[in-house]
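Report on one structure; see the data block that follows.
All chains are named by letter (A, B, ...) in the order of the sequence lines, taking the proteins before the strands, and each is independently numbered beginning at 1. Every heavy atom of this structure was used, including side-chain atoms; hydrogens, water molecules and symmetry mates were not.
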Number of protein chains: 2
Amino acid sequence: MSRPPAPSPAAAGCPPPRRPPGAKRLANEARILKAAEEVFATAGFAGARTAAIARRAGVPKANLHYYFGTKEALYRRLLETILEVWLAMGDSIRPEADPAHAFAAYIAAKVEHSRRRPYASKVFANEMLHGAPQLRGYLRRELRRWVAAKAKVIEGWVAAGRMAPVEARHLFFVIWAMTQTYADFDVQVAAVLGRKRLAARDYQAAAALITRLVLRGAGLKG
Amino acid sequence: MSRPPAPSPAAAGCPPPRRPPGAKRLANEARILKAAEEVFATAGFAGARTAAIARRAGVPKANLHYYFGTKEALYRRLLETILEVWLAMGDSIRPEADPAHAFAAYIAAKVEHSRRRPYASKVFANEMLHGAPQLRGYLRRELRRWVAAKAKVIEGWVAAGRMAPVEARHLFFVIWAMTQTYADFDVQVAAVLGRKRLAARDYQAAAALITRLVLRGAGLKG
DNA sequence: GTCTATATATCGATAGAC
DNA sequence: GTCTATCGATATATAGAC
């Protein structure tokens, strides 16, 4: 490992300087981000304690601030990692795909994501709930473009008579809602089902029902 | 947390004509609860400031504590008022009702509630998101019983051949998710639609799509 | 009952030793 | 680069005058 250069006086007001990170630092940052996902999801941004994140990550609190600067900067970094995964889903919705299979695959991926990373979904939900103070730009740019592109695909299917006419953008809103509720509201779902935690069969039942509603609603089944 | 006793009515002499005892207090409590709904929805429990609630309600901060004791007690009182409305919806789902009309009416009521009281929906969503620390008991008792009763109605319709077989409890989970997303995630929906705020026609489009998905999914249409 | 002025606790952030 | 010890800011809650 080459020793990083000393910070120049010109950058004195910009802590902490980004450098080629060492292996230990990378590992620590990953641990902190994982811990932050759990704590921010459970407590919200304001309720999250940097001390709790550091403790869960197994690093001193001062290191957390040394790596990420402020609590808000850590939160933004976490949101970035979550959004990457978010936008990557939905690859199955392409013009040449079969509409029924495309929707089924998208719904399956979303439900699986709710099962595997419920904390990530909750952090995102919390940010939306409180007016998206950090994600205004993302919503108006990346997400809006993403939806516009996917809506065009769906409208192409409709024009070709491959599925029934549908408000494509609203269809996405309700698919997101139905799939993400099994992460965001897992406590409610588990309580009503009388379980301590949601089981694999619960997610399977969810995916089956959601797929059925969407496919029949789009005139693709039955 | 005991509340101070109500003032005893002045019996001696003839006091000047006054409002009924506690009228001002009742009005102030209502103003505080309304303000609390907005602030808790926007900032979450931990992020909410009692000073912000008091300012928005137009009362001194000390009065808020005098009326409700602690921030947490105020929050619990607020949740109670929200749950009352929550459980009252769904009256249309009765054994003798027409399934298609019952679902359509329930969905319309839920979407209308998302439009009229988005803050209430967000407070509830925030509580669920963070593990329902105040509502554990409500979920396992009242809500679970509510769903069990409604599920029985739906299973009766299925047994009578009036609709297709369906996982009744999961159907409620996704109906709640779809309808409430237009309150909880209104920022996201508005951004994708390119609006500053959601308009009446957006809620109409939502209700139409959700109703269509549910009715076709239940074999009640098309 | 109402309100100002303040006590007490907590948390984010950092200085400075190593 | 790492970590301990601590500061300063901010918030809940209340004491006490009116």
Side-chain angles (χ1 to χ4, degrees), chain A residues 1-7 11-32 35-36 39-40 42-78 134, chain B residues 1-10 15-16 18-32 35-36 39-40 42-78 134:
Chain A
M1 296 301 157
S2 62
R3 188 186 181 281
C14 307
R18 278 296 180 83
R19 296 165 179 170
K24 182 171 181 185
R25 174 166 182 157
L26 273 180
N28 276 351
E29 285 189 357
R31 293 166 62 86
I32 291 170
V39 174
F40 280 126
T42 310
F45 176 76
R49 301 287 163 243
T50 54
I53 297 172
R55 183 165 9 96
R56 193 175 288 238
V59 303
K61 183 161 68 84
N63 285 32
L64 183 151
H65 283 99
Y66 180 73
Y67 290 148
F68 292 95
T70 66
K71 174 182 171 180
E72 189 177 314
L74 167 61
Y75 179 67
R76 276 198 298 266
R77 279 280 298 275
L78 174 62
Q134 306 290 340
Chain B
M1 193 63 57
S2 63
R3 314 233 312 272
S8 64
R18 297 201 322 165
R19 284 177 294 184
K24 183 173 181 183
R25 172 167 183 156
L26 275 179
N28 276 351
E29 286 189 356
R31 293 166 61 86
I32 291 171
V39 174
F40 280 126
T42 310
F45 176 77
R49 301 288 162 242
T50 54
I53 297 172
R55 183 166 9 95
R56 193 176 287 238
V59 304
K61 184 162 64 85
N63 286 30
L64 183 152
H65 283 99
Y66 180 73
Y67 291 148
F68 293 94
T70 68
K71 175 182 171 180
E72 189 177 315
L74 167 62
Y75 179 67
R76 276 198 296 266
R77 279 279 298 275
L78 174 62
Q134 307 291 340

d(CD, B:Glu29; P, C:dT2) in whole Å: 10 Å
Sugar-phosphate only, base, or nothing, as touched by B:Ala48 at under 4.0 Å among non-hydrogen atoms: sugar-phosphate
Nearest-nucleotide pick for B:Asn63, side chain only, options being D:dT12, C:dC3, D:dT2: C:dC3
Beyond-backbone contact of B:Arg76 with B:Phe68, side-chain heavy atoms, under 4.5 angstrom: no
B:Lys71, nearest nucleotide to its side chain (from C:dT2, C:dG12, D:dT12): D:dT12
Euclidean distance, atom CG of residue A:Leu64 to atom P of D:dT2 [Å, nearest integer]: 13 Å
Residue-phosphate contact under 4.0 Å: A:His65 side-chain N/O, C:dA13 OP1/OP2: yes
Nearest-nucleotide pick for B:Thr50, side chain only, options being C:dT2, D:dT2, D:dT12: D:dT12
Separation of atom OH in B:Tyr75 from atom P in D:dA11, rounded to whole Å: 19 Å
Where A:Gly47 and B:Ala46 come nearest, the two heavy atoms and their spacing: CA-CB, 3.3 Å
Test side-chain contact (heavy atoms from CB on, under 4.5 Å) applied to A:Arg49 and A:Arg55, step by step: CA-CA 10 Å; A:Arg49 301 287 163 243; A:Arg55 183 165 9 96; over 6 Å; no
Atom pair distance, as rounded to whole Å: CZ in A:Phe45 and P in C:dC11: 14 Å
Residue A:Ala62, side-chain heavy atoms: nucleotide from C:dA15, C:dG12, C:dT2 that is nearest: C:dA15
Minimum-distance nucleotide to A:Lys61 side chain [options: D:dT12, C:dA13, C:dC11]: C:dA13
Distance test, side-chain N/O of A:Arg49 to OP1/OP2 of C:dG12, below 4.0 Å: yes
Nucleotide D:dT2, atom C1' - distance to CZ of A:Arg31 in whole Å: 15 Å
Separation of atom OH in A:Tyr66 from atom P in D:dA5, rounded to whole Å: 21 Å
Parallel, tilted or perpendicular: rings of A:Phe45 and A:Tyr75 (30°, 60°): tilted
Nucleotide nearest A:Tyr67 (side chain, heavy atoms from C-beta), chosen from D:dT2, C:dC3, C:dG12: D:dT2
With A:Ile32, the side chain to side chain contact (heavy atoms under 4.5 Å, CB included) member among A:Leu64, A:Thr50, A:Leu78: A:Leu64
B:Glu72 CD - C:dA9 P separation (whole Å): 18 Å
Separation of atom CZ in A:Phe68 from atom P in C:dT14, rounded to whole Å: 16 Å
